[in-house]
Amino acid sequence: MVEYIQVQKAFDAPVLSGVNLRVESGETMSVVGHSGTGKSVLLKTTIGLITPDYGDIRLHGLSVFHSDRRTIARIRRKAGYVFQNAALFDSMTVFENVSQGLPEDQLRKMRFREVLKRVAESLDLVNLEPRSVLSKLPAELSGGMRKRVGLARAIVGRPEILLYDEPVTGLDPVNAAIVHQLIARLGRELGVTSILVTHDIEGALPISDRVAMLDRGRIRFEGTPQEFRDSDDKLVRAFLERDTMTPSDTILEAV
Amino acid sequence: MQVELEVGPEVRATTGGHAARLPDSFHVRWLGSLGRRAEGLARHAGQIATIFWKSLIALLRGQVSMRATVREMYSMGVQSLPIVLVTGVLSGVVTSQQGGYQFTGSVPLYVVGSVVVSSIILELGPILTAIVFIGRVGARITAELGTMKVSEQIDALQSLGRDPIRTLGAPRIIAGTLVLPILVGIADLIGIVGGMLTAEATIGLGREAFLYGARMFFHTFDLYYSVGKGMVFGFIIPLIAVHMGLRTYGGAEGVGRATTASVVYMILAVLIFDATFPMIFLR
């Protein structure tokens with residue numbers, strides 16, 4: 001379970017203004033909202049990549065911000081993070097990139113064959129043919145493949161929580177659908193808790209158990225996908241209409 | 001910077017709910033600017049000290065990747081060799097020619113050997129090699145880590161439970177500290193040989209006479225001094241480069257900005273340390 005308690009963060013201006021949210025174990029939660037509402041900041045605070053000014057986040061009861069370095073390392077080991085642009089290490093091959101997802105102490109003790117097996121399994125899970133990509137550098141892969149390698153790196157350590165930061169941004173509809181299917185499949189097959197930050201509401205709703213909408217640093221809406229679709233909230237409506245390609249100024253009006 | 005006054009609700013009402021603001025005075029602006037600069041400097045110093053401390057701890061605990069360190073040593077050392085050789089030879093050639101020009105007809109020419117060897121070993125070898133090292137290695141480290149920072153690769157590393165300083169910083173700092181003294185030694189040697197051959201070709205000073213002059217004022221300590229300078233420069237250059245790389249922000253423009261600032265800081269640091277060396281060791 002992931003629990004956000006009164007999370008506040010400001011850079012030049014407030015970004016998160018007291019976020020309270022609870023994501024149950026095994027649940028897939030989509031966090032939506034327009035640009036600049038603090039979705040990615042919220043996701044980064046989850047594993048301590050950004051420290052909030054106030055509040056706390058608890059992962060399976062462990063406090064992210066009131067723990068020593070070892071506990072934070074344990075927390076990070078429980079989580080897999082999929083970055084917006086995959087954030088693969090440029091100078092490393094796909095094999096090296098994915099193997100970095102294994103805990104360091106484990107990696108040191110493992111034989112090369114075991115590492116190779118784990119990496120190949122993860123690549124297989126994200127629908128990539130291990131033999132054809134293992135020795136490639138990130139620059140030699142397409143955008144969709146890079147995202148999937150990023151996903152493989154996040155799951156190779158068998159995390160309990162998966163955090164996705166805009167996983168389909170920049171992908172064509174076909175690749176976006178593939179990634180969404182993968183997220184759903186990983187949630188089902190690995191039984192992980194998933195938090196998905198996205199703009200792509202139509203793609204995210206079918207694979208989510210619950211949806212939360214961030215607005216001006218606060219949770220404006222929280223409910224099931226059906227409740228989200230049926231909501232009378234102006235901003236929710238604006239989002240849904242925009243997503244179904246209705247030309248509108250409603251977002252600006254609602255904001 | 002503006003001064004915000006605590007005011008009552010009636011004043012807030014007349015100012016649209018905001019606290020009343022007074023116009024900046026010169027002194028307030030000056031103090032504010034001074035404070036910001038001091039804070040920035042303290043922040044840099046603190047972050048550099050943290051990188052040094054974490055790298056040291058990682059080294060003592062045997063947590064620094066040997067493979068990464070050797071790869072960095074190859075990149076910093078072997079691949080820098082051609083430019084270091086060229087710089088070394090040219091420094092010898094120039095010093096020898098200048099010495100020949102100044103001493104012809106005034107003092108015995110074998111003094112050229114002494115001038116060339118002393119100036120190369122004590123000053124030119126270490127400083128020129130360090131400047132070349134800044135351009136070739138320091139700038140690369142900042143640009144490389146800066147790019148990793150703005151493309152979230154550093155965040156990715158942290159999310160995977162790796163410490164960026166231990167994984168990326170420490171191997172570079174250790175490699176620099178080990179490699180630069182060797183490069184300085186090579187630059188010293190090749191500079192002296194270049195100076196000797198130039199003296200022979202330009203002012204007809206024989207090798208024996210050159211070496212006689214060189215031995216006259218030579219102390220073995222000078223060699224340690226030269227290599228020691230190389231070691232200190234080899235430590236501070238990657239230290240600053242790593243620090244500047246890891247604090248990069250703002251996309252491609254930010255990487256350019258960080259790299260430029262890093263090169264300036266590295267040159268300044270090297271020159272400052274170079275100036276303090278004689279005060280400590282040559283008294």
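For the numbers below, each heavy atom of this structure counts, side chains included, while hydrogens, waters and symmetry mates do not. Order of the sequence lines sets the chain letters (A, B, ...), proteins ahead of strands, with each chain counted from 1.
Ranking A/Ile47, A/Asn85, A/Ile72, A/Leu88 against chain B, the residue ahead of the rest is A/Leu88, based on heavy-atom pairs under 4.5 Å. Among A/Leu102, A/Asp90, A/Ile75, A/Leu163, the residue making the largest number of heavy-atom pairs under 4.5 Å with chain B is A/Asp90. Contacts with chain B were tallied for A/Arg153, A/Glu104, A/Arg76, A/Arg69; A/Glu104 has the most, counting heavy-atom pairs under 4.5 Å.
No more than 12 heavy-atom neighbours from other residues, nucleotides or ligands sit within 6.0 angstrom of CZ on B/Phe273.
Taking the six-membered ring wherever Trp is involved, the centroid distance between the rings of B/Phe233 and B/Phe235 does not fall below 6.0 Å. For A/Phe95 and A/Phe112, the ring centers sit closer than 6.0 Å to each other.
In terms of modelled atom types and a separation under 3.5 Å, the side chain of B/Lys149 and the main chain of B/Gly251 share no donor-acceptor contact.
Within the 4.5 angstrom heavy-atom criterion, atoms from both the backbone and the side chain of B/Ser159 approach chain A. Residue A/Pro103 touches chain B through its backbone alone, counting heavy-atom pairs closer than 4.5 Å. Heavy atoms closer than 4.5 Å to chain A are found in both the backbone and the side chain of B/Leu157.
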**side chain to side chain contact (heavy atoms under 4.5 Å, CB included) evaluation trace for B/Leu168 with B/Val242** = CA-CA 8 Å; B/Leu168 302 169; B/Val242 167; over 6 Å; no
